[in-house]
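Below: one structure, written as structure tokens.
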Amino acid sequence: MSEENQLERFYRLMYFSPRPEDEEKVCVAVLIKDGNQVFLEYDERFEKAKCIAADYSAESLKFILQTLRDKSEHQDDGSAALNLSFSPQFQLSAPRVLLQPANEQVREVLRHRFLLRVRPVRTSEKQKGIGRRIDRLLFEKIRIRPASMRRRVSFSELFGIDAQRSLPKDLIPKSVSRAVSFDNRVVLLDGVDLHAPSQQSLVDSIGRISHAFWQYQEARAFSKDLSSMRLTRAAILFDGEGDQLPDDLRWRRDYAYHELDKDSDITLGPGTSDSEENLREALQPVLADNL
């Protein structure tokens, strides 16, 4: 007896290879069997398939899968979809046990996990929230002059378009949340919220900040005009919990601190209240002329 015949409830992934000789494949459908029910789930936009087969007709792929869905969902074993395993462009994975009934919620989970592209969860409101927190630190705690601070500032806005043109493309820094500039000194500030809606969104935010800070340091070393500039890169971890950080956020704090500290001159956290005082103490000498 085959493995799948022994299973009451399972699912299989269907892979599509636009050019089998290239050995590239992408999951385009999930075949689900729950007792006498058979489902074939797929993303009608084929976002993943477009990544490796931009010139392949999405309508053709949709027609094939829709035909298979119509046939498979009227058969107890999904044999119409299984027959595709003989096509060089389609492959089916081994059966995987499904521990729960294949209701709409479970099928939605499988669609998101295997068929949809993963997008970083970073909303404009989340970024505005980080910026507002940094503003409060600068204006209420350190009391800098508002005219010295810039929001979402780019490299060219700080140092001019000619300075940017002198840099290799890969060294042009991305924008940072806040910058305080005066005389021959610049303080860059950015931060992350440990309560990010997902682990991936936190990792993406950390990577963006670390990369921007690294680019600024490399740009400063590359350009003679900028080499005499005093640059301070400050990364702030916001958690709102002080030292009593919940266990489920500890790894986030440890990872964020470890990664941001590599490319920052000042890394502050955890603890919003501690960060405010630490930031003031760390930046007081740097910002003394600006207070």
Side-chain angles (χ1 to χ4, degrees), residues 120-124 126-142 144 148-155 157-159 171-182 185-221 226 229-243 245 249-287 290:
V121 184
R122 278 180 49 206
T123 65
S124 58
K126 198 67 177 176
Q127 294 307 306
K128 289 179 181 178
I130 292 293
R132 286 194 292 266
R133 286 177 164 185
I134 296 175
D135 287 348
R136 188 166 65 86
L137 294 180
L138 292 176
F139 297 138
E140 296 181 15
K141 301 297 179 179
I142 303 179
I144 69 162
S148 302
M149 192 270 288
R150 300 187 185 185
R151 296 180 172 87
R152 302 304 304 166
V153 65
S154 67
F155 183 84
E157 289 173 325
L158 282 174
F159 305 113
L171 289 188
I172 299 176
K174 302 297 187 295
S175 61
V176 295
S177 182
R178 300 294 186 266
V180 180
S181 59
F182 55 99
R185 290 178 289 176
V186 173
V187 180
L188 306 174
L189 303 103
D190 216 326
V192 295
D193 188 337
L194 299 182
H195 294 275
S198 72
Q199 297 177 8
Q200 190 59 50
S201 65
L202 178 68
V203 171
D204 289 339
S205 294
I206 291 170
R208 173 186 59 80
I209 296 169
S210 294
H211 188 218
F213 281 2
W214 176 85
Q215 286 177 313
Y216 266 98
Q217 184 64 23
E218 292 297 311
R220 179 178 173 273
L226 301 178
M229 176 194 66
R230 186 175 178 182
L231 179 69
T232 301
R233 301 160 298 170
I236 310 170
L237 279 60
F238 294 101
D239 57 61
E241 302 290 345
D243 293 330
L245 196 65
L249 293 184
R250 289 187 184 280
W251 81 267
R252 294 189 175 198
R253 175 201 60 191
D254 295 344
Y255 176 78
Y257 195 96
H258 177 268
E259 292 298 308
L260 291 172
D261 199 50
K262 295 176 183 177
D263 296 294
S264 303
D265 302 296
I266 303 169
T267 307
L268 301 172
T272 301
S273 59
D274 290 342
S275 294
E276 292 173 350
E277 186 57 33
N278 290 341
L279 182 65
R280 179 178 177 83
E281 291 179 1
L283 297 184
Q284 188 87 23
V286 180
L287 299 174
N290 196 254

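We use all heavy atoms of the structure for the numbers below, so side chains are in, but hydrogens, waters and symmetry mates are not. What you are looking at is a predicted structure, and each value in this text was computed from that prediction instead of being measured. Sequential numbering from 1 along the given sequence is applied to the chain's residues.
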Within this structure, what is the [atom1]-[atom2] distance for the pair [X] and [Y], rounded to the nearest 0.5 Å?
{"X": "Leu189", "Y": "Ile130", "atom1": "CG", "atom2": "CD1", "answer": "12.0 Å"}
{"X": "His211", "Y": "Asp263", "atom1": "NE2", "atom2": "CG", "answer": "9.5 Å"}
{"X": "Ser181", "Y": "Leu231", "atom1": "OG", "atom2": "CG", "answer": "11.5 Å"}
{"X": "Lys174", "Y": "Arg152", "atom1": "NZ", "atom2": "CZ", "answer": "12.0 Å"}

When you measure from the side chain of [X] to the backbone N and O of [Y], does any donor-acceptor pair fall under 3.5 Å?
{"X": "Ser264", "Y": "Thr267", "answer": "no"}
{"X": "Gln217", "Y": "Trp214", "answer": "no"}
{"X": "Asp190", "Y": "Ser177", "answer": "yes"}
{"X": "Glu218", "Y": "Leu171", "answer": "no"}

Can you list the steps and then say if Phe238 with Leu194 is a side-chain contact (heavy atoms from CB on, under 4.5 Å)? CA-CA 6 Å; Phe238 294 101; Leu194 299 182; over 6 Å; no
Restricting to salt bridge (charged side-chain N to carboxylate O under 4.0 Å, His left out), what partner residues turn up for Lys262, sequence neighbours left out?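 Result, salt bridge (charged side-chain N to carboxylate O under 4.0 Å, His left out) vs Lys262: Glu259.
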Would you check if Arg178 and Arg150 make a side-chain contact, meaning some heavy-atom pair closer than 4.5 Å?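 The answer is no; the side chains never approach within 4.5 Å.
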As a quick check of understanding, evaluate side-chain contact (heavy atoms from CB on, under 4.5 Å) for Val192 and Leu260, giving each step before the final call. CA-CA 10 Å; Val192 295; Leu260 291 172; 4.2 Å; yes
With side-chain contact (heavy atoms from CB on, under 4.5 Å) as the test, would you mind laying out the steps for Ile266 and Arg233 before giving the verdict? CA-CA 6 Å; Ile266 303 169; Arg233 301 160 298 170; over 6 Å; no
